[in-house]
Visitor: 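Okay, handing you the structure first.
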2 protein chains.
Amino acid sequence: MTTIADVARRAKVTTATVSNVLTQRVPVSDKTRARVLQAIKELGYRPNLVARGLAQGKTLTLALVVPTLSNPFFAEVVEEIEHVADLHDYQLLLSMTHNSPEEGKRHLERMASRWVDGFIVMGMAADIADVLSLRDSGKEVVLSVWNQDASTQTLPIVDIDFRLAGELATRHLLECGHRRIAAIVEEPVQLTRRKGFEITLTEAGIPVLPEYIRQGDSSFESGYQAALALLALPQPPTAIFAGNDWMALGAMEAIANRNLSIPHDLSVVGVDDISQAAHSHPALTTISIPKREMARAATELLLRYIQGTDIPTEPLKILVSPHLKVRQSTARINSAL
Amino acid sequence: MTTIADVARRAKVTTATVSNVLTQRVPVSDKTRARVLQAIKELGYRPNLVARGLAQGKTLTLALVVPTLSNPFFAEVVEEIEHVADLHDYQLLLSMTHNSPEEGKRHLERMASRWVDGFIVMGMAADIADVLSLRDSGKEVVLSVWNQDASTQTLPIVDIDFRLAGELATRHLLECGHRRIAAIVEEPVQLTRRKGFEITLTEAGIPVLPEYIRQGDSSFESGYQAALALLALPQPPTAIFAGNDWMALGAMEAIANRNLSIPHDLSVVGVDDISQAAHSHPALTTISIPKREMARAATELLLRYIQGTDIPTEPLKILVSPHLKVRQSTARINSAL
DNA sequence: CTGAAAGCGCTTACAG
DNA sequence: CTGAAAGCGCTTACAG
């Protein structure tokens with residue numbers, strides 16, 4: 001390991017000067033700068049960022065805490081966060097909590113000891129109290145995909161407007177002329193989507209029927225089962241809003257197995273726009289979630305806090321808007337129904 | 001930020017003693033230990049791991065370089081690596097290269113400066129030369145999912161036996177009585193699977209027909225198209241081996257659209273065992289890839305190298321074996337074909 | 001068992 | 001513009 005002292009010796013200067021040419025914090029004469037750069041090159045010197053981190057009190061590292069990567073949603077979000085962090089010369093310390101608050105707490109504390117410059121905590125990966133104590137100990141924190149409103153008032157949060165997702169889907173079905181619209185959602189995580197669904201129905205003067213609201217667990221299979229139950233009702237719906245694409249695809253499979261045709265007999269709309277949504281038959285109409293846009297917003301906000309510049313005055317809440325992507329699984333209601 | 005000096009002052013000892021109770025490297029009398037622990041508690045002291053890293057020359061951090069997390073394969077592998085690392089009190093610095101060697105090089109160098117204790121480099125995420133130079137500069141490195149044999153001889157490597165995957169799939173189809181067996185693969189990354197496929201056919205005395213080997217890009221769509229092309233042959237195959245499950249599912253969709261029945265008219269087998277494989281209709285027979293087992297093996301091997309204990313004498317190559325998972329998409333050949 | 005001191009590899013005022 | 005010195009928060013021989 002060659003150190004800054006080796007370089008200084010070879011360039012016949014002091015380490016302060018080497019540091020100055022490296023950081024460009026203080027002007028250095030062209031002549032000595034050249035000597036130093038030459039020495040660096042000859043020695044193949046690379047600064048030790050741990051030492052620099054200790055001296056400067058910052059590590060150019062961001063801690064990212066997510067529930068899991070098995071969920072492609074988080075995998076993609078992490079990918080984008082890494083990308084944005086990289087653009088700003090930051091690296092990512094990643095950990096997963098598998099929805100266990102204890103694991104979340106453990107990871108937060110460990111990462112805090114490691115002097116990361118800031119945290120992005122996603123998806124209820126940790127208890128809000130532990131996150132708050134983090135912030136109280138002077139770390140910058142941004143929450144994201146938090147899915148719960150309460151007690152986060154004092155922390156900046158970047159989220160997706162899932163209520164709007166529910167509204168857009170429902171409004172689309174209403175505009176297609178549907179009145180008997182059912183929903184398959186996983187609660188509590190998809191509660192906001194259901195709210196959007198219900199609000200839109202109510203505003204349209206349509207009562208929300210309990211038997212038209214089914215619980216799933218976000219899996220294909222649960223969508224399949226929920227759809228079967230809906231089709232077995234005395235008065236089945238003519239359209240189904242599913243809280244995510246997997247359940248929508250499961251519902252489509254169930255409908256096909258009942259020898260009903262989509263969108264002729266039933267319309268189906270999902271949420272997410274996963275890659276399979278475009279490949280199903282018929283292709284799935286869905287609400288597309290701008291995960292990457294959200295990831296970028298969260299990362300950039302955190303970096304602003306860290307750099308202490310351009311800080312928003314209010315502890316703010318950024319909501320990124322989803323949008324409707326019409327494909328072949330929804331259509332104007334069949335007048336015979 | 002409370003430091004070790006604060007604790008020492010309060011406990012009326014020197015920082016060395018505080019350090020000793022923390023690291024347990026040197027015995028400390030029960031009495032002073034109690035005083036120190038008390039002070040730590042009162043002050044809410046947590047050691048600064050950056051400082052410790054600088055002093056000890058190790059950071060308890062592993063660098064993980066993968067091509068992307070968009071591919072669920074890598075997402076799952078990263079998840080398992082994090083888990084194993086966590087068990088050993090190591091954390092993960094993650095970066096993605098998107099198959100760009102330049103990006104790979106940049107990330108490797110940056111992480112090396114950060115004094116991570118070791119590297120896991122996956123999936124041709126970087127040029128082998130850059131990885132070797134890393135090792136030459138004293139870092140521990142383990143390759144994984146490397147997919148290329150050459151010039152890795154001197155580096156330890158943990159991989160999945162994809163050739164065996166090709167063999168298992170093909171042998172299964174042969175045992176079902178199939179003789180006209182086609183393959184859909186993405187090369188070069190799935191080259192080894194194709195080799196396993198061809199070797200098994202050849203050993204069974206069956207010629208490998210060029211028109212029975214189709215290229216895909218691992219997507220559902222490419223499997224779909226490749227299967228259509230195979231079905232259009234004057235002598236179509238009675239079984240298809242797809243290099244991954246997505247292409248297998250695409251092939252199944254194409255077969256269904258041609259009004260052929262699986263497995264009655266055609267058998268289909270994939271590789272991976274993604275979660276959708278169990279949910280397709282019929283459920284997909286596939287070769288299950290022990291990603292997590294591989295991830296664990298790679299991580300534990302790297303940790304052995306780092307800790308310098310229990311080091312294997314040979315620069316070794318560990319191959320983890322996949323296994324056949326029979327579901328409903330394969331069956332004994334229809335004697336009418 | 002405990003303390004005094006040097007060291008890890010950088011940066012940062014402060015003089016000159 | 002450059003150097004001498006202290007400091008970041010720990011650990012680690014070495015005395016005692």
Side-chain angles (χ1 to χ4, degrees), chain A residues 1-40 43-61 89 110 112-117 137-139, chain B residues 1-40 43-61 89 110 112-117 137-139:
Chain A
M1 219 37 205
T2 115
T3 75
I4 201 173
D6 300 327
V7 175
R9 208 170 303 124
R10 182 166 197 120
K12 302 205 187 308
V13 294
T14 156
T15 63
T17 304
V18 177
S19 177
N20 285 336
V21 354
L22 248 31
T23 60
Q24 314 195 24
R25 216 178 46 86
V26 169
V28 176
S29 80
D30 288 353
K31 206 169 143 193
T32 48
R33 179 207 315 292
R35 269 212 327 279
V36 168
L37 290 176
Q38 176 67 16
I40 286 176
L43 266 39
Y45 167 73
R46 340 198 82 265
N48 177 334
L49 297 190
V50 174
R52 181 179 290 178
L54 181 61
Q56 293 193 138
K58 64 183 174 189
T59 56
L60 296 183
T61 305
D89 273 323
R110 260 220 317 212
S113 303
R114 201 144 306 188
W115 264 28
V116 300
D117 298 339
S137 77
K139 307 289 178 188
Chain B
M1 217 40 204
T2 115
T3 75
I4 200 172
D6 300 327
V7 176
R9 207 169 305 126
R10 182 167 197 119
K12 302 205 185 306
V13 296
T14 156
T15 63
T17 304
V18 177
S19 177
N20 285 337
V21 354
L22 249 29
T23 60
Q24 315 195 24
R25 218 178 45 86
V26 169
V28 175
S29 80
D30 287 352
K31 207 170 141 195
T32 50
R33 179 208 314 291
R35 269 213 326 280
V36 169
L37 290 177
Q38 176 67 17
I40 286 177
L43 265 39
Y45 167 73
R46 340 198 80 264
N48 176 333
L49 296 189
V50 174
R52 180 179 289 177
L54 182 61
Q56 294 193 138
K58 64 185 174 187
T59 57
L60 295 185
T61 305
D89 272 322
R110 260 219 319 213
S113 302
R114 201 143 304 190
W115 265 25
V116 300
D117 297 339
S137 76
K139 307 289 177 189

Visitor: With heavy atoms under 4.0 Å as the rule, sort A:V26 into base, sugar-phosphate or nothing.
Guide: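 A:V26: base contact, heavy atoms under 4.0 Å.
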Visitor: Which of the following nucleotides, C:dG3, D:dA4, D:dG9, is nearest to the side chain of A:A16?
Guide: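 Between C:dG3, D:dA4, D:dG9, the one nearest the side chain of A:A16 would be D:dA4.
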Visitor: Can you tell me which nucleotide in C:dC10, C:dG3, D:dC10 comes closest to the side chain of B:V13?
Guide: C:dG3
Visitor: Kindly say whether B:V28 contributes a backbone atom to a donor-acceptor pair with the side chain of B:R33 at under 3.5 angstrom?
Guide: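 Yes, because the side chain of B:R33 sits within donor-acceptor range (under 3.5 Å) of the backbone of B:V28.
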Visitor: Mind calculating the distance between CZ (B:R9) and P (D:dG9) to the nearest angstrom?
Guide: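 Distance check: B:R9 CZ to D:dG9 P gives 11 Å.
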Visitor: To the nearest angstrom, how far is A:K31 atom NZ from D:dC1 atom C1'?
Guide: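 Distance check: A:K31 NZ to D:dC1 C1' gives 13 Å.
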Visitor: Of all the choices, C:dG3, C:dT11, D:dA4, which nucleotide is nearest to the side chain of A:I4 once you look at every atom?
Guide: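 Nearest listed nucleotide: C:dT11.
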Visitor: Any carboxylate oxygen within less than 4.0 angstrom of a Lys/Arg side-chain nitrogen, looking at A:K139 and A:D117?
Guide: no
Visitor: Does a side-chain N or O of B:S19 approach OP1 or OP2 of D:dT12 to a distance below 4.0 Å, or not?
Guide: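 Answer is no, no contact under 4.0 Å.
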Visitor: Distance check: side-chain N/O of B:Q56 vs OP1/OP2 of C:dC8, anything under 4.0 Å?
Guide: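 So the side chain of B:Q56 is outside the cut-off, no N or O lying under 4.0 Å from OP1 or OP2 of C:dC8.
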Visitor: Name the nucleic acid region contacted by A:V50, choosing base, sugar-phosphate or nothing; use a 4.0 angstrom heavy-atom cut-off, strictly under.
Guide: nothing
Visitor: Is B:T3 near enough to D:dC8 that one of its side-chain N or O atoms lies under 4.0 angstrom from OP1 or OP2?
Guide: no
Visitor: So, A:R10 side chain and A:A39 main chain: donor-acceptor pair closer than 3.5 Å or not?
Guide: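 Between the backbone of A:A39 and the side chain of A:R10 there is no qualifying donor-acceptor contact (under 3.5 Å).
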Visitor: Under a 3.5 Å cut-off for both contacts, is D:dA13 paired Watson-Crick or G-U wobble with anything, and if yes, with which nucleotide?
Guide: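 Pairing partner, where one exists within any strand: none, as none qualifies.
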Visitor: Can you tell me how far apart CG (A:L22) and OG1 (A:T17) are? Round to the nearest 0.5 Å.
Guide: 11.5 Å
Visitor: Say you draw a straight line from CG of B:D89 to CZ of A:R110; how long is it, rounded to the nearest 0.5 Å?
Guide: 5.0 Å
Visitor: What is the distance from NZ of A:K12 to P of D:dC1, rounded to the nearest Å?
Guide: 23 Å
Visitor: Just how far, in rounded Å, is P of D:dC10 from CD1 of B:I40?
Guide: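 One finds 10 Å between P of D:dC10 and CD1 of B:I40, rounded.
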Visitor: Determine: side-chain N/O of A:T17 to OP1/OP2 of D:dT2, distance under 4.0 Å, yes or no.
Guide: no
Visitor: Does C:dT12 have OP1 or OP2 sitting under 4.0 Å from an N or O in the side chain of A:R25?
Guide: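 Answer is yes, contact under 4.0 Å.
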Visitor: Nearest to the side chain of B:L54 - C:dA4, D:dG7, C:dC8?
Guide: C:dC8
Visitor: Using whole Å, report how far CD of A:Q24 lies from C1' of C:dT11.
Guide: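 Whole-Å distance recorded here is 15 Å.
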Visitor: Any side-chain N or O of A:S29 below 4.0 angstrom from OP1/OP2 of D:dT2?
Guide: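 For A:S29, the contact criterion (side-chain N or O under 4.0 Å from OP1 or OP2 of D:dT2) is met.
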Visitor: Separation of A:L49 atom CG from C:dC10 atom C1', in whole Å?
Guide: 10 Å
Visitor: Which pair of non-hydrogen atoms, one from B:L54 and one from A:A51, has the smallest distance, and what is that distance?
Guide: CD1-CB, 3.8 Å
Visitor: In whole Å, I'd like the distance from the NZ atom of A:K58 to the P atom of C:dC10.
Guide: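 The answer, rounded to whole Å, is 17 Å.
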Visitor: Report the distance from atom CG of B:N20 to atom C1' of D:dA13, rounded to the nearest whole Å.
Guide: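 The answer, rounded to whole Å, is 11 Å.
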Visitor: Base, sugar-phosphate alone, or nothing: which one does A:R46 contact when heavy atoms must sit under 4.0 Å apart?
Guide: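 Answer is sugar-phosphate: A:R46 comes under 4.0 Å of backbone atoms only.
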Visitor: What does C:dA4 pair with, Watson-Crick or G-U, if both distances are under 3.5 Å?
Guide: none
